[in-house]
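This report refers to the structure that appears directly beneath it.
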Amino acid sequence: GNSVTQMEGPVTLSEEAFLTINCTYTATGYPSLFWYVQYPGEGLQLLLKATKADDKGSNKGFEATYRKETTSFHLEKGSVQVSDSAVYFCALIQGAQKLVFGQGTRLTINP
Amino acid sequence: NAGVTQTPKFQVLKTGQSMTLQCAQDMNHNSMYWYRQDPGMGLRLIYYSASEGTTDKGEVPNGYNVSRLNKREFSLRLESAAPSQTSVYFCASVQGQGSKGGGYTFGSGTRLTVV
């Protein structure tokens, strides 16, 4: 079945550092890929998405590119802020299936 | 504000007690979902409802029941709570089933502790 694997956390960075959170997936065909963010005490919010190979999703300075050849959708940001501290989830959906999540990566940004 | 509303936000139960988690959405979405979130395991699907009047099991349905009361409301019931059901529960909705665009809207969660 479909699955998503994220890099182990937690990740701790200093403000203005470069961020990469790795995400790889297993699926047949061409799923849609997503990054969701969960701020403390809140539900999940869609951060960005890509629905076909080589698409780049972007939002709030975050980017991720759908790489079919490496089955990856790594999340990147050039300069993180304290307000980016949250848990980040990579997810996929395919056809009429349900949203499948990775295990989540907790990110803490120190000033 | 439009969105998904979950109640209660926090609950402590004793082993064997029952309770119902409520979820309501006001976006006229067709599909609704219940997930549980556990440390290191991401979100796992418990039950879902593709449309009013239909419900189906997800990845971890044991110990739970659901009711799609109408298009707006989708409740999750624990008949006899167990400590293994200690978790954070999220309700979500989306316009169509399996939407390629994603567009899932999540509630803010119910933190349940079973002692």
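Letters A, B, ... mirror the listed sequences (proteins, then strands); counts begin at 1.
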(request) Tell me whether the centres of the aromatic rings in Y104(B) and F34(A) are closer together than 6.0 Å. (result) no

Would you say [X] and [Y] are hydrophobically clustered, going by side-chain heavy atoms of ILVMFWY under 4.5 Å?
X: I21(A); Y: V80(A); result: yes
X: W35(A); Y: V11(A); result: yes
X: Y47(B); Y: F101(A); result: no
X: L21(B); Y: I46(B); result: yes

(message) Which atoms of L45(B) are under 4.5 Å from chain A, going by heavy atoms: the side chain, the backbone, both sets, or neither?
(response) side chain

(message) Is Q6(B) close to chain A through its backbone or its side chain, or both, or neither, when contacts mean heavy atoms under 4.5 Å?
(response) neither

(request) Over all heavy atoms of both residues, which pair between F89(A) and Q37(B) is shortest? Give the atoms and the distance, please. (result)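 Minimum heavy-atom separation between F89(A) and Q37(B): CZ-NE2, 3.1 Å.
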
(message) Apply side-chain contact (heavy atoms from CB on, under 4.5 Å) to residues L44(A) and L43(B) and explain how you reach the verdict.
(response) CA-CA 10 Å; L44(A) 278 70; L43(B) 277 76; 4.1 Å; yes

(request) Taking atom CZ of R111(B) as the centre, report whether more than 12 heavy atoms of other residues, nucleotides or ligands fall under 6.0 Å from it. (result) no

(message) If you count every heavy atom of other residues, nucleotides or ligands that lies below 6.0 Å from E16(A) atom CD, does the total exceed 12?
(response) no

(message) At a 4.5 Å cut-off on heavy atoms, which part of Q38(A) comes close to chain B: side chain, backbone, both, or neither?
(response)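 Contact with chain B involves the side chain of Q38(A) alone.
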
(request) Identify whether NZ of Lys or CZ of Arg in K98(A) sits under 6.0 Å from the centre of the six-membered ring of Y33(B) and within 45° of that ring's axis. (result)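 No cation-pi geometry.
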
